[in-house]
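One structure is given below, encoded as structure tokens.
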Amino acid sequence: MRTILLLVAGLAMTTACAARQPIATLPPASAYRYVIGTGDVLKVSVYREAQLSGEYPVDGRGMIAIPLVGTIHVGGGSLDDAQAAIAAALNKTATLNARVVVETAKFRPVYILGEVVKPGEYAYQERMTLPALVATAGGFHFRANKKIAYVRHDDEDTEHAYHLTSGAVVRPGDVVRIGSTIF
């Protein structure tokens with residue numbers, strides 16, 4: 001009887017712990033939309049305006065500073081949004097009908113902690129998956145929970161549990177933590 005009560009109590013505690021934080025699935029690469037953020041470096045090419053073309057870092061306020069134009073807010077938007085904002089700012093100056101192309105020269109890094117061989121900061125690659133990040137960090141440690149990863153996105157304050165699936169995409173600036181197994 002005592003054994004049954006201990007099993008029921010253990011099951012209740014396990015269920016209560018699991019209910020606190022639901023485990024979701026990260027969206028696949030096809031659903032990912034890149035958003036410009038602090039730490040990214042944008043490559044701006046302005047047709048026939050070599051002095052305005054170059055690589056510009058995004059500061060803590062989501063701004064880039066272009067000579068002769070000033071600061072332009074690009075954080076939180078897409079590359080197309082940045083392209084339109086830069087073209088509009090250039091068109092307010094002497095450059096009329098500016099043709100602008102914006103690309104990401106350098107993404108902000110991603111971080112992986114916990115039960116991997118080499119935890120730390122890693123360069124983000126476009127459409128990087130969770131398993132690819134684990135592989136970059138040297139693979140799982142023998143104690144690693146290979147089914148669940150905890151991810152805190154750059155624009156969030158708390159981490160969330162996600163199923164560690166092959167198509168799960170991490171974003172630039174994400175902090176990923178691989179927990180350990182109990183058994």
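Just so you know, these numbers use all the heavy atoms, side chains as well, and skip hydrogens, waters and symmetry mates.
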Worksheet entry | Side-chain heavy atoms of Val100 within contact of Leu90, under 4.5 Å | yes
Practice prompt. Taking all heavy atoms of Met128 and all of Ala123, pick out the closest pair and write down the distance.
Written response: CE-O, 3.6 Å
Worksheet entry | Non-hydrogen side-chain atoms of Arg177 and Ile112 separated by less than 4.5 Å | no
Worksheet, complete the sentence: Interatomic distance, CZ@Arg108 vs OG1@Thr38, rounded to 0.5 Å, equals 7.5 Å
Worksheet item: What heavy-atom pair brings Ala82 and Val74 nearest, and what distance separates the two atoms?
Response: CB-CG1, 3.7 Å
Worksheet item: Of all heavy-atom pairs between Ala149 and Leu164, which one has the smallest distance, and what is that distance?
Response: CB-CD1, 4.1 Å
Discussion item. Is the shortest side-chain heavy-atom distance between Pro119 and Tyr111 below 4.5 Å?
Written reply: no
Item to complete: Could you grab the distance from atom CD of Gln83 to atom OG of Ser78, nearest 0.5 Å is fine?
Response: 9.0 Å
Discussion item. Quick check: do Asp59 and Ile64 have side-chain heavy atoms less than 4.5 Å from each other?
Written reply: no
Worksheet item: Is a side-chain donor-acceptor pair under 3.5 Å present for Asp40 with Tyr124?
Response: no
Worksheet item: Given Tyr150 and Tyr162, is the ring pair (Phe, Tyr, Trp, His ring centres under 6.0 Å) satisfied, shown in steps?
Response: CA-CA 6 Å; Tyr150 300 91; Tyr162 293 101; 9.1 Å; no
Worksheet item: Would you call Arg143 and Glu115 a salt bridge, using N to O less than 4.0 angstrom?
Response: yes
Fill in: Gap separating the CZ atom of Arg99 from the CD atom of Glu49, nearest 0.5 angstrom
11.0 Å
Worksheet entry | Electrostatic pair Arg152:Asp174 at N-O distance under 4.0 angstrom | no
Let me check something: any side-chain donor-acceptor pairs from residues 65-72 under 3.5 Å, sequence neighbours excluded? List them with distances.
none

Item to complete: Hey, could you give me the CZ/OG distance between Phe140 and Ser180, rounded to the nearest 0.5 Å?
Response: 12.5 Å
Worksheet, complete the sentence: Of all heavy-atom pairs linking Ala98 and Ala87, the shortest is O-CB, 4.1 Å
Worksheet, complete the sentence: Sorted by chain and residue number, the salt bridge (Lys or Arg N to Asp or Glu O under 4.0 Å) partners of Arg48 (sequence neighbours excluded) come out as none
Fill in: Side-chain heavy-atom pair Tyr56, Val41 within 4.5 angstrom cut-off
no
Worksheet entry | Heavy-atom closest contact (Gly138 atom, Val117 atom, distance) | O-CG2, 3.3 Å
Item to complete: Rounded to the nearest 0.5 Å, what's the gap from CZ on Arg171 to CD on Glu156? Could you check?
Response: 6.0 Å
Worksheet item: Atom CG of Asp81 and atom CD1 of Ile36: how far apart are they, to the nearest 0.5 Å?
Response: 7.5 Å
Discussion item. Could you tell me if the side chain of Leu79 sits less than 4.5 Å from the side chain of Leu42, heavy atoms only?
Written reply: yes
Worksheet item: Under a 4.5 Å cut-off applied to non-hydrogen side-chain atoms, are Val176 and Leu113 in contact?
Response: no
